[in-house]
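A quick note: this is a predicted structure, and the numbers were derived from the prediction, not measured. Indexing begins at 1, ligand by ligand and atom by atom, following the structure's order.
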Amino acid sequence: MAFITATLPLMVGLILLFLARLLKRQPKKLKFPKSLPSFPLIGSLLSLRGKLQPHILFQKLQKKYGKLYSLMMGSHYVVIVNDYQHAKEVLMKKGKVFAGRPRTVTTDLLTRGGKDIAFASYSKAWKFHRKLVHSALGMFGEGISTIEKIICQEANSMCQTIITQQNSLLDMGQELTRAVTNVVCSLCFNSRYQRGDPEFEAMLDYSKGIVDTVAKDSFVDIFPWLEFFPNKDLKLLKKCVAIRDTLLLQKYEEHKKNYCDESVRDLIDALLRAKSNIKGNSSFTQDTSLDDDHLLMTVGDVFGAGVETTTTVLKWTILYLLHFPEVQKNIQKELDAVIGQERYPKISDRGNLPYLEATISEVLRIRPVSPLLIPHVAMEDSSIGDFAIPKGSRIVINLWSLHHDEDVWVNPGHFDPTRFLDESGRHIYSPSASYLPFGAGIRVCLGESLAKIELFLFMSWILQRFTLENPPGASLPSLEGKFGVVLQPPKFKIKATLREVWKSCELSDYA
Ligand code: PLO
């Protein structure tokens with residue numbers, strides 16, 4: 001009896017422990033996300049009709065279906081995520097599970113069936129290629145000053161052009177595109193374009209064609225069999241991709257001819273070196289190969305992404321400054337106080353210009369470059385929150401919803417850089433986790449730091465010297481974007497005037 005009394009608490013404890021273990025092992029009851037009505041063949045198309053752009057429509061549908069819901073795009077099961085808790089689970093916590101990419105007709109055309117980085121699905125080979133590009137771009141990491149020099153040279157050349165155009169209306173889009181293109185050209189091909197270069201014009205042309213037709217959930221991507229019917233968009237995309245490929249190949253051949261192991265001049269050289277290292281390595285496998293298609297498509301990605309995204313953000317920034325001249329004045333006040341007129345802005349000024357940094361952050365919030373990111377695919381059966389997600393589901397992160405969430409942001413539709421500043425106004429801070437302009441996790445934007453440096457330097461160079469205004473008498477350009485693979489601002493012209501304080505300044509040319 002005494003034995004039983006003595007061991008009773010121990011036994012009860014053991015039984016409780018056993019029960020607790022058992023309960024823990026019981027899988028959580030998962031449910032499927034609420035779904036939009038869907039029909040055979042057409043899927044949920046009937047609920048997606050109307051004039052609203054997809055990111056705004058998906059945001060609105062939350063009211064009826066909740067923050068996470070599903071729909072059918074033709075025969076594909078798609079889950080839409082509208083809040084940051086679920087978004088972070090997809091991108092970060094379960095990043096590898098959701099690292100797949102869907103194959104679509106248009107992206108397959110652009111990337112030779114997924115031989116690039118951005119649109120290629122997750123695989124060992126993909127991981128290897130991404131690492132290669134990362135370190136190839138990183139080789140400029142030690143040479144951050146090389147990048148700084150390239151950007152400042154382009155900023156200087158752009159400012160020279162603006163000076164000559166002061167009395168006419170200026171399409172800043174063109175100038176910005178050339179400046180940004182030249183930065184990426186230096187990094188990828190060790191070359192640059194002069195104003196009016198026919199190759200540059202051709203590049204602008206094909207890139208516009210690609211942006212207008214690729215990866216925007218067009219019908220042919222939802223119903224792939226449409227590929228076999230006459231299709232104007234697809235014809236344009238094929239033509240533009242062919243022009244791009246000829247150009248890329250030409251650069252590649254030139255590089256192969258002049259390649260020298262000792263001096264790696266740019267991304268192509270770095271990839272060529274990696275290629276020859278791989279060949280010489282006995283542990284070479286299929287997963288660590290780098291064939292010509294992969295190399296070309298990877299360069300195409302870096303080049304395309306480098307140009308289209310940064311240019312788009314710069315255009316949005318200027319567009320917002322036209323609408324909010326007081327923000328422009330504040331930035332100029334800060335530039336005058338920190339840099340003055342004796343020298344040009346440099347990277348190390350970044351920490352001392354919080355208002356400019358806050359303005360760029362706010363532009364990236366209010367008009368994210370990629371409002372729906374690129375869709376992810378579940379590589380195995382999994383879950384998001386309490387929802388079951390079957391293998392093969394496509395997951396769309398609605399970044400627009402995250403950045404315009406009323407529960408998180410005060411008056412999210414309003415442009416207000418000060419939301420990114422602390423109370424003293426002297427330090428930039430992150431007011432919410434519901435902010436992922438570059439995505440997150442293993443597929444986070446490869447060019448994030450380069451982009452941030454470019455945005456900062458170009459904007460500080462321009463605003464140090466010029467005031468940008470809407471042409472007198474003209475109505476302000478719309479702030480509505482056009483959805484596509486990037487969210488495009490409308491075309492607009494501006495009047496740029498050299499600032500009063502600069503009229504008497506003789507600053508030597510940037511060398
Ligand atoms: C832009 C047009 C180019 O001609 C080809 C190209 C390559 C990479 C794409 C880019 C385009 C658009 C922006 C993309 C980028 C890869 C990553 C980036 C989609 C289509 C974003 C915003 O995710």
**Study point:** Lys452/Glu357 salt bridge by N-O under 4.0 Å criterion
**Key:** no
Check your understanding: If you measure every N/O of Ser207 against every N/O of ligand 1, is any gap under 3.5 Å?
Key -> yes
Revision key, fill the gap. Judged by heavy atoms only, the candidate from Ala118, Cys445, Gly447 nearest atom 16 (C) of ligand 1 is Ala118
**Study point:** Any Phe415 side-chain heavy atom under 4.5 Å of Pro417 side chain
**Key:** yes
Point to revise | Side-chain donor-acceptor contact under 3.5 Å, Ser47 with Ser44 | key: no
Practice item. Flag this pair as yes if the NZ/CZ of Lys256 is under 6.0 angstrom from the six-membered ring centre of Tyr252 and inside a 45 degree cone about the axis; otherwise no. Key: yes
Check your understanding: How close does the nearest protein non-hydrogen atom get to atom 20 (C) of ligand 1, and which residue and atom is it?
Key -> Val214 CG1, 3.9 Å
Practice item. Could you tell me whether Arg365 and Glu362 make a salt bridge, using a distance below 4.0 angstrom between a side-chain N and a carboxylate O? Key: yes
Review point. Would you say Arg443's side chain and Ile117's backbone share a donor-acceptor pair under 3.5 angstrom?
Key: yes
Exercise for review: Answer yes or no: is there an ion pair linking Asp212 with Lys482, defined by an N-O contact shorter than 4.0 Å?
Suggested key: yes
Review point. Taking non-hydrogen atoms only, is Ala305 closer than 4.0 angstrom to ligand 1 via side chain, backbone, both or neither?
Key: both
Practice item. Would you kindly specify which portion of Ile210 sits under 4.0 Å from ligand 1, judged on non-hydrogen atoms: side chain, backbone, both or neither? Key: side chain
Point to revise | Distance filter under 4.0 Å to Asp301 heavy atoms, resulting ligand 1 atoms | key: 8 (C)
Practice item. Considering only protein heavy atoms, determine whether one is less than 4.0 Å from atom 1 (C) of ligand 1. Key: yes
Study note, to complete from the structure: Of all protein heavy atoms, the one nearest atom 19 (C) of ligand 1 is Val485 CG2, 3.5 Å
Review point. Would Asp405 and Lys67 pass as an ion pair if we require N to O under 4.0 Å?
Key: yes
Review point. Does Ile374 approach ligand 1 within less than 4.0 angstrom via side chain, backbone, both or neither, non-hydrogen atoms only?
Key: side chain
Review point. To the nearest 0.1 Å, how far is atom 22 (C) of ligand 1 from its closest protein heavy atom, and which atom is that?
Key: Ser370 CB, 3.7 Å
Review point. Which atoms of ligand 1 sit under 4.0 Å from any heavy atom of Phe119?
Key: 19 (C)
Review point. Looking at Val211, which atoms of ligand 1 are within less than 4.0 Å of one of its heavy atoms?
Key: 1 (C), 2 (C)
Review point. Does the side chain of Arg178 reach to within under 4.5 Å of the side chain of Thr161, using non-hydrogen atoms?
Key: yes
Check your understanding: Touching ligand 1 at all, Phe303? Heavy atoms, strictly under 4.0 Å?
Key -> no
Review point. If we ignore angles and hydrogens, is there a donor and acceptor under 3.5 Å between the side chains of Thr177 and Lys315?
Key: no
Exercise for review: Around atom 13 (C) of ligand 1, find the nearest protein heavy atom and jot down its residue, atom name and distance.
Suggested key: Val486 CG1, 3.8 Å
Check your understanding: Which residue supplies the protein heavy atom nearest to atom 7 (C) of ligand 1, what is that atom called, and how far is it?
Key -> Gly304 CA, 3.8 Å
